[in-house]
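When a ligand or atom number is given, it counts from 1 through the structure's own listing order.
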Amino acid sequence: MKDIPSNIQPLARKAWIPIVEEGDGEPAASKFSGTPFLAEGQTWPACPNCGKPMQLFLQLNLDKLPDPARGEFGKGILQMFYCTSANPLCEDQCEAYFPFAKSALLRIIQLTGNAGRIEIPEIEGRFPPKLITGWKEVDDYPNYEEIEEQGVELTEEESDEWSEQEFPRAGDKLGGWPHWVQGVEYPDCPTCGERMRLVFQIDSEDNLPYMFGDVGCGHITQCRTHKDQLAFGWACS
Ligand SMILES: [Zn+2]
Ligand SMILES: [Zn+2]
């Protein structure tokens, strides 16, 4: 592993970069935007703040993730919906940069029974769908703050050198270490109080034509024990 200091190498984690193509695919496919899987009787989620349908940002078929991410985050279909209404500006009104904001919906639904007939609502500025057709496995490393949390002491020089590195990786990715724009901001699980861990990083204008504040970066996190406890938060500089 060239250029990775020997004391940081043990902190390597796998991350997976989504490989995408234009299009929607099956309802249960992993995708950005497009048509979500809905069970029979389920309707497209509406924002509790403005009443308008939220956009599907990401859907992951957890049973089809690359090994060993498959099974790690639970079973079924993970979905993230996020309100992009500009009037009212739900992102501001609901402080959607914080985890557990009401204008974002994160959930895992099970592929039991029949898929419902999906009524696709009118959404202003709806993003074009991108189907995730594969994953590119890469190595990822934490930022200096998390390196120190892991008990690895860096000198000031090492810390400066590390901040010049491309790690943690920016852009959309599954797993790995969060590319924190501000400090380390994992939320705590509302059920058990444990720190939640990264599932997926959604960056500004990577696969989704969406900017979180001023080129912010967002993170879907999950409790390791309570897999239905999911959150999304973002920060920008
Ligand atoms: Zn809204
Ligand atoms: Zn928990």
(message) Quick check on the Zn ion (ligand 1): does Cys94 put an N/O/S atom closer than 2.8 Å to it?
(response) no
(request) Could you tell me the angle subtended at the Zn ion (ligand 1) by SG of Cys47 and SG of Cys83, rounded to 10°? (result) 110°
(message) I'd like to know if the side chain of Trp44 reaches the main chain of Leu38, judged simply by a donor and an acceptor atom lying under 3.5 Å from each other, with no hydrogens or angles considered.
(response) no
(message) For the CD atom on Glu26, are there more than 12 heavy atoms of other groups (residues, nucleotides or ligands in this structure) within a distance under 6.0 Å?
(response) no
(message) Less than 6.0 angstrom separating the ring centers of Tyr144 and Trp180, yes or no?
(response) no
(request) To the nearest 10 degrees, could you say what angle the Zn ion (ligand 1) makes with SG of Cys50 and SG of Cys90? (result) 110°
(request) Looking at His226, pick out the N, O or S atom nearest to the Zn ion (ligand 2) and give its name. (result) ND1
(request) Please answer whether the main-chain N or O of Trp177 pairs with a side-chain N or O of Asp140 as donor and acceptor at a distance below 3.5 Å. (result) yes
(message) I'd like to know if the side chain of Gln150 reaches the main chain of Leu11, judged simply by a donor and an acceptor atom lying under 3.5 Å from each other, with no hydrogens or angles considered.
(response) no
(message) If you round to 10 degrees, what value do you get for the angle at the Zn ion (ligand 2) between Cys192 atom SG and Cys223 atom SG?
(response) 110°
